[in-house]
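Each remark here refers to the structure printed beneath this line.
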Amino acid sequence: MNSISISIVIINIILALLFSLGAAPILVWIERRVAGFIQDRMGPNRCHIKGIRLGGLIQSFADMLKLVFKEDFEASGIKESFFFSLAPVIVFCSAFLTFMVMPFADNLKIGAQVFYMQGLPIDLGVLWFLAFAGLSVYGIMLGGWASNNKYSLLGSIRAGAQVISYEAAMGLSLVSVLITYGSIHLVDIVNFQGKLLFGFIPAWGIIIQPLAAIIFIVTAFAEANRTPFDIAEGESELVGGFHTEYSAMRFGLFFVGEYVAMSASSALIVTLFFGGYHLPWLNTQVLQNHITWVLAFIMIALPTVSFFFSKWMFNNNRWLEEGNIRNRESKLLFKVIIGINLLVILGLGFWLSLGVEEIGANIATAVIQVSTFAIKLLLMNFVFVWVRWTLPRFRYDQLQDLGWKILMPLAIANIVLTATIVVVFGV
Amino acid sequence: MDMIFLILSFFAIAGAVGMVLAHQPVHSALSLILTIIALAGLFALLSASFLFMVQIIVYAGAVITLFIFIIMFLNVKEANLPKEPNKNITIFLGFIGLLPLNFLILKALYHMPSKALVLSQNGFGEIKSLGMELFEKWLLPFELISILLLVALIGAVVFGRKEEG
Amino acid sequence: MGIKIVKREGKSFKDRIYLPAILGGMMTTLGHFLRNLRDTSNIKTLNYPEEQPKDITSRYRGVHRLTKRDDGSVRCVACFMCATACPAECIFIEAQEREDGVDEKMPKVFTIDLLECVFCGGCVEACPCDAIRMDTGIFTFVAHKREDFLLTKDKLLSFEAKKEKA
Amino acid sequence: MANITVDGKILEVKEGALLIEELLANAINIPHFCYHPALGKDGNCRMCMVEIEGQKRPQIACDTPIKHGMIVRTKGANIDRVKRSILEMELINHPVDCPICDQAGECSLQNYYMDVGLYESRLSTPKVHGQKHVDLGANVVLDQERCVLCTRCVRFTQKITKTHELGVLSRADHSVISTFPNQPLSDPYAMNVVDLCPVGALTSKDFRFHKRVWFLASEEAICNRCARGCSLYVDHHKEKYKDEMIYRYRPRFNALVNGYFICDVGRLSYHQENENRNFHPMIRGKESEYEYAEGKLLRLFKRNIGKMLLVISSSLSLEEMVRIKALAGMYDATISAYEPNRFDEHFGDDFLKHQDLSANARALPLLGIEEHCMGFSEGFEQAELIVFIGRSDIDMVKTLAYETKNIALLYGYNPPFCEGLELLLPITSHTGRAGTFINCDGIVQYSNCAITHNQGHKKLLELLAMLLGDTLNTCEEVWEETIGKLEHFQGLEFEKLKHTAQKISL
Amino acid sequence: MASSLFSYFVVAMVLLSIGLVGVFSRKNIFVIYMSIELMLSAVNLIFVALSNYYHSMASQIIAMMVIAIAAAEAALFLSLIVVLYRRKKTLDSDMYKALSQKETL
């Protein structure tokens with residue numbers, strides 16, 4: 001263990017934390033803003049720190065603060081106090097653990113050493129996800145049961161039945177994917193997707209295995225308890241479902257756990273079907289070989305993007321009254337954007353003029369891949385939010401019908417089809 | 001290694017004891033999960049990494065979940081639980097009764113040649129080597145098991161169906 | 001079990017796999033999202049506490065009030081018509097003999113439970129004496145306790161009609 | 001017998017009877033104010049106009065004797081116009097203050113206006129005002145403006161009570177009903193004028209402004225104030241978040257017993273049903289759960305087999321008495337219905353009020369239940385447990401050496417005291433349970449009133465079934481099992497009895 | 001050396017004994033079932049330990065099959081319990097004696 005390996009491990013853990021836990025407030029914000037825009041409303045736009053609103057992002061932090069400082073109330077009917085407190089911890093931890101094996105970038109080679117770029121350097125890959133996604137349901141079931149409340153219990157029962165039935169379809173849909181990729185290791189899977197199909201199409205999972213992708217995405221929605229599969233929560237019929245009795249940070253853990261689980265599901269979907277950390281047509285090898293050109297492109301692209309963003313910002317980031325403190329924000333942000341642009345361009349220019357070595361190329365590639373992964377993750381999360389504010393909730397029997405009668409046979413058929421193709425064509 | 005082993009076995013046994021002693025079935029099931037997960041840890045310690053995952057996915061993730069689901073689904077009232085006034089005494093007596101048996105078996109096993117159980121390298125216990133072994137040498141039992149699973153599935157459906165009339 | 005099986009509409013394969021319909025819905029919501037993202041000034045939301053709604057018409061059914069006679073006393077004669085008409089049964093009246101010679105009968109207790117009220121306006125329609133109206137224009141009614149949502153006779157008498165803006 | 005044709009239908013009616021009587025008997029709606037079956041015709045209100053073939057003008061149905069072959073029309077544009085004109089005249093000086101008026105909802109004037117009125121007012125001169133609140137005495141309040149001067153109330157005091165307290169003063173527009181100076185209405189049947197008044201002119205102080213009548217639900221019941229057992233309507237209503245309340249008793253027509261009237265004492269006796277029923281089961285002076293107290297009752301009975309005296313009220317229903325008799329047989333107990341304060345000579349009169357204050361005392365000899373002092377004393381000596389059922393006059397044993405005895409009390413109203421009681425178990429009061437009663441003249445009547453209250457006390461029959469260990473919880477079952485087989489009740493059918501009173505020979 | 005083969009045997013034997021005691025001494029049919037599962041797991045532990053000891057995959061495969069059988073057993077057993085509970089409204093295994101006789105449930 002030298003200083004490089006330790007720092008890489010620390011960076012990995014920080015990245016994993018950022019992508020899962022740090023993403024929670026951002027996801028909450030996305031959820032609210034997107035919901036607002038989809039429904040022709042504004043969404044959060046009021047909360048500010050000295051005029052800085054960041055488009056309402058501050059509200060999420062205010063919310064978190066509120067959850068931390070609220071009274072942690074426990075109804076007198078709750079007899080299993082220990083399990084009541086344990087439940088949100090289980091949900092949170094298992095959601096968090098699932099995220100830990102997602103690779104943010106290709107294996108980083110520094111000198112002779114190779115580092116896994118994931119939170120926990122375990123190469124159990126997909127199985128790990130299945131295992132801990134399955135465990136998170138205990139939190140929901142325990143929470144509902146310990147609440148000693150009929151609505152909560154109903155929510156738990158629904159969650160239990162839902163997870164059992166959707167895990168089967170999820171596992172089966174994964175089998176065909178794994179047959180295609182020939183590995184359960186996520187890095188292998190992503191690198192497979194870095195190749196090109198017929199020489200010009202990126203061999204992304206969504207293109208090679210569209211059916212498995214659809215089934216997996218649907219079941220991932222169910223595993224993450226997101227609409228249209230959030231019958232465990234079902235506020236219109238079950239008040240709040242399993243978390244009816246929860247308040248303050250114990251509810252907060254459920255709340256954050258849901259977003260972390262959503263993030264983890266998104267990460268796995270991205271990794272399995274959307275090329276993971278790869279930019280299309282630019283796999284690790286290509287990136288490393290043409291790193292100078294890529295960096296130069298960034299030097300041009302960044303100011304352009306910043307220009308359009310600033311224009312949009314000045315148009316839209318306004319407050320009702322003139323002279324309100326919130327109206328100063330745009331100018332301030334504009335200065336920050338200019339500063340970042342200058343810094344990045346100067347830094348990159350300086351570096352390019354010095355010439356890029358192999359280690360530098362590798363690190364730059366890793367940074368680009370991490371950003372790619374982050375953007376893909378955010379887009380996938382956006383899809384989760386988008387679906388939530390479009391589709392209505394399934395009725396319970398419809399949900400079971402879909403799981404057992406449609407998704408599972410389809411997944412099995414897909415396995416047979418994939419296996420046949422693999423055996424016949426020997427791909 | 002030793003420390004991890006001791007901690008995991010402690011949790012496994014504690015969970016098992018809790019399972020037997022608990023009055024409520026839900027408590028029993030939750031204790032059993034503790035045992036199952038601790039056992040999964042022991043599997044990992046024996047470098048059976050695939051079994052570790054299978055134990056968690058199948059046992060903890062599916063079987064016990066189903067179990068707790070059924071317990072909640074039946075929503076057994078306190079009054080419908082069996083009365084077991086002498087439970088603790090019978091359990092204690094059972095332990096006393098089983099002590100000699102344990103002693104005998106362990107005594108017999110004690111003379112097996114000792115060898116340190118270590119984490120193995122190069123893919124021992126991983127999915128690939130296990131799969132190779134399974135589909136080369138154990139194909140027939142594998143198929144039989146799958147037929148058994150099918151039969152169990154059909155049986156469960158037949159049992160669970162609403163009775164006519 | 002009382003499960004009612006509803007026949008599904010749509011026979012063709014396209015209808016039955018739902019995916020085209022789902023995608024269509026997703027496109028609609030995405031369209032809204034992008035339009036509003038491009039130009040937020042399209043959004044018609046009020047910034048509520050700073051901007052108050054201006055479109056409360058005179059027929060808007062706000063919180064109730066009891067009207068008064070010219071001498072300032074209660075107009076209501078406790079005829080129970082409103083309580084009879086109320087579908088939510090949220091009006092609680094007790095009648096009493098009126099001693100001041102203006103009339104024979106008046107309400108001793110006149111309570112409206114706003115938590116039960118559905119704001120249907122049935123009481124106003126039913127009133128033969130024009131004693132109850134919903135023209136206060138109050139559309140928010142905030143309280144900290146359940147008891148505070150019980151509008152008593154005095155409270156109901158204290159409300160004034162909303163002034164029509166010129 | 002005569003045949004007449006009414007609106008094209010041929011009716012077979014009694015020759016010489018009043019036309020209105022037969023029309024009403026055949027359920028033909030004919031508006032009327034002044035006619036009342038108990039008071040007869042007066043012919044002053046002119047509301048009951050009908051067209052009779054061969055007569056030039058419309059005739060009043062209440063003063064037209066029936067002749068064979070009469071052809072009568074009660075409907076039609078012409079007769080409606082006549083009725084509307086009469087109604088318009090009745091309403092000229094009427095204040096039309098229905099929202100305030102207590103009669104609204106059961107007011108003839110309102111109904112007739114809705115049937116045939118519905119005109120725009122043509123009045124241009126001011127209305128003649130009368131006094132709005134005249135206290136006539138005896139709980140009756142008069143509103144002179146609302147009066148239509150049908151004189152039913154005046155005729156009631158003339159013909160029924162013969163006290164002649166009311167009369168009509170002044171002339172024309174200024175005619176009003178009034179008492180004579182310093183002679184208020186004061187006879188014991190005065191409140192019947194409130195029921196008689198077809199409009200809201202006479203209202204009862206007792207009921208005034210307490211409840212609008214359309215909220216009230218009516219149950220058919222029997223008064224248990226005295227041995228007459230007048231037929232009643234019990235008007236009750238359960239207001240939201242409150243308990244069931246009885247708001248008034250109204251007389252129910254029963255030709256065999258009370259005709260159209262009841263006495264004021266009986267009419268006001270409903271207050272007891274409302275006020276004196278909120279008490280808890282007590283075991284040795286401590287409050288207890290109902291179920292537990294019930295169990296305690298059963299244990300007391302089982303422990304004291306052969307050593308019990310059941311002191312029952314003679315106002316219990318026939319079913320309850322029969323079941324108590326069975327109970328006494330089962331637990332080898334003595335029954336006594338001895339009541340020292342049963343008779344009140346000041347109470348009785350020659351019209352409806354009866355000096356015997358017990359509602360069902362005639363049933364005691366029929367069932368062979370002891371009601372004399374001797375039997376009571378003997379039973380008292382031998383008993384260790386004394387169970388008072390439906391009565392609370394523990395004072396009568398206080399004079400005897402009762403400290404050595406256990407006393408249990410099953411009662412429907414707040415007991416005067418409860419110290420020293422082994423058990424106090426509330427049961428539903430009179431209006432809380434149905435039952436059959438035999439009045440002083442041997443007329444069997446069924447009281448069908450079973451109003452349930454929030455406190456959820458059990459009916460005596462249910463408790464008796466619990467003690468007897470069977471399931472005869474309702475009157476029907478008791479009749480079917482036992483009473484129907486008793487010799488005095490052989491000819492009676494319970495189904496028929498439910499709706500009509502029947503006489504048996506005592 | 002705590003993590004020798006023998007120590008795994010000790011753990012497995014303890015778990016197996018607890019499972020046995022559970023089957024013998026409890027009446028709650030759920031607990032009986034869980035005790036059976038516990039015994040299966042204990043045996044699995046021995047298999048996996050032996051696999052490591054002999055460095056052979058065979059016993060791991062057997063362990064895996066045991067898990068599969070346990071899953072099948074769970075499905076059957078639980079549906080049985082549901083049916084029995086619906087009829088008898090109790091979890092007392094003594095009440096299910098009828099299963100051993102020709103008496104109808």
Side-chain angles (χ1 to χ4, degrees), chain B residues 1-2 5-6 9 12-13 16-17 19-20 25 28-29 32 35-36 39 42-43 46-48 51 54 58-59 62-63 66 70-71 74 76 80-82 84 87 90-91 94-95 98 102 105-106 109-110 112 114-117 125 129-130 133-134 138 141 145 148-149 152-153 155-156 159-160, chain E residues 1-11 13-15 17-22 24-28 30-31 34-35 37-38 41 44-45 48-49 51-53 55 57-58 60-61 63-65 67-76 78-83 85 89-94:
Chain B
M1 280 286 281
D2 289 356
F5 169 78
L6 285 177
S9 15
I13 292 169
V17 170
M19 187 271 286
V20 173
S28 285
L32 189 63
T35 309
I36 296 293
L39 278 177
L42 286 177
F43 289 174
L46 291 166
S47 69
L51 269 183
V54 167
V58 175
Y59 247 123
V63 173
L66 183 65
I70 294 290
I71 294 172
L74 290 182
V76 182
N80 291 347
L81 287 176
E84 298 168 293
K87 182 185 75 183
T90 44
I91 289 172
F95 263 110
L98 279 176
N102 274 326
I105 292 177
L106 290 176
L109 287 172
Y110 189 67
M112 280 185 86
S114 175
K115 180 179 153 198
L117 301 182
S129 49
L130 200 78
E133 178 96 4
L134 182 64
W138 296 81
I145 292 276
L148 181 76
L149 273 172
L153 183 73
F159 271 135
Chain E
M1 194 70 193
S3 57
S4 69
L5 181 64
F6 184 71
S7 49
Y8 279 97
F9 272 128
V10 173
V11 174
M13 274 311 289
V14 170
L15 293 181
S17 313
I18 294 173
L20 264 179
V21 169
F24 291 147
S25 59
R26 293 297 303 263
K27 283 186 188 169
N28 191 326
F30 274 119
V31 179
M34 280 188 273
S35 303
E37 294 284 308
L38 182 67
S41 290
N44 264 355
L45 182 63
V48 177
S51 142
N52 197 306
Y53 184 80
H55 210 275
M57 298 297 285
Q60 278 197 25
I61 283 168
M64 204 174 83
M65 286 176 174
I67 293 178
I69 290 170
E73 182 211 344
L76 269 182
L78 287 175
S79 53
L80 202 65
I81 290 182
V82 171
V83 173
Y85 183 78
K89 286 282 165 219
T90 180
L91 291 178
D92 195 339
S93 58
D94 288 354

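When reading the values below, keep in mind they use all heavy atoms of this one structure, side chains included, and skip hydrogens, waters and symmetry mates. Naming: A, B, ... by sequence-line order, numbering from 1 per chain.
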So, do E:Gln60 and B:Phe43 sit near enough that their side-chain heavy atoms are less than 4.5 Å apart? no
Please test E:Ile67 against B:Leu51 for side-chain contact (heavy atoms from CB on, under 4.5 Å), starting from the C-alpha separation and ending with a verdict. CA-CA 9 Å; E:Ile67 293 178; B:Leu51 269 183; 4.1 Å; yes
Shortest non-hydrogen separation from B:Thr90 to E:Ser25 and the atoms involved: OG1-CB, 3.6 Å
Of all the heavy-atom pairs spanning E:Val21 and B:Phe95, show the shortest one and how long it is. CG2-N, 3.9 Å
Applying side chain to side chain donor-acceptor pair (under 3.5 Å) to E:Ser17 and not counting sequence neighbours gives B:Asn102
Among the listed options B:Ala48, B:Gly155, B:Gly94, the residue most often paired with chain E at heavy-atom distances under 4.5 Å: B:Ala48
Tell me, for E:Ile18 versus chain B, whether the close heavy atoms (under 4.5 Å) come from the side chain, the backbone, both or neither. both
Could you look at B:Leu134 and say if it's the side chain, the backbone, both or neither that has a heavy atom under 4.5 Å from chain E? both
Best-contacting candidate, B:Ile36, B:Val58, B:Ile71, against chain E by heavy atom pairs under 4.5 angstrom: B:Ile71
Calculate, to the nearest 0.5 Å, the distance between atoms CG and CZ belonging to B:Leu98 and E:Phe24 respectively. 7.0 Å
Nearest heavy-atom approach of B:Leu46 to E:Asn52 is O-ND2, 2.8 Å
Considering only heavy atoms, which portion of B:Leu74 lies under 4.5 Å from any heavy atom of chain E: side chain, backbone, both, or neither? both
Cut-off 4.5 Å, heavy atoms of chain E, and the answer for B:Val17 is both
Search all heavy atoms of B:Met19 against all heavy atoms of E:Val31 and return the closest pair with its distance. O-CG1, 3.9 Å
Derivation and outcome, side-chain contact (heavy atoms from CB on, under 4.5 Å), residues E:Phe9 and B:Ile105: CA-CA 9 Å; E:Phe9 272 128; B:Ile105 292 177; over 6 Å; no
Within a strict 4.5 Å, meaning less than it, do heavy atoms of the E:Ser41 and B:Thr35 side chains meet? no
For E:Arg26 and B:Ile91, run side-chain contact (heavy atoms from CB on, under 4.5 Å): C-alpha distance rounded to whole Å, both residues' side-chain angles, the deciding distance at 0.1 Å, then the answer. CA-CA 8 Å; E:Arg26 293 297 303 263; B:Ile91 289 172; 4.2 Å; yes
Please identify, among B:Val54, B:Leu153, B:Val63, the residue contributing the most non-hydrogen atom pairs under 4.5 Å to chain E. B:Val63
Provide the closest heavy-atom pair for B:Ser129 versus E:Met57 in the form atom of the first, atom of the second, distance. OG-CE, 3.7 Å
Highest number of heavy-atom pairs under 4.5 Å with chain B: which of E:Ile61, E:Leu76, E:Val11? E:Ile61
Verdict with supporting geometry, E:Asn44 and B:Leu39, side-chain contact (heavy atoms from CB on, under 4.5 Å): CA-CA 9 Å; E:Asn44 264 355; B:Leu39 278 177; over 6 Å; no
Exercise: identify the closest heavy-atom pair between E:Met65 and B:Pro141: CE-CB, 3.6 Å
Chain B shares the most heavy-atom pairs under 4.5 Å, among E:Val82, E:Val14, E:Val48, with E:Val48
Contact between E:Ile69 and B:Leu149 at the side-chain level, heavy atoms closer than 4.5 Å - yes or no? no
In terms of heavy-atom pairs under 4.5 Å with chain E, the winner among B:Ile13, B:Leu106, B:Ile145 is B:Leu106
Given heavy-atom pairs under 4.5 angstrom as the criterion, report whether the side chain, backbone, both or neither of E:Glu73 touches chain B. neither
Can you say whether B:Ser28 sits under 4.5 Å from chain E via the side chain, the backbone, both, or neither, judging by heavy atoms? both
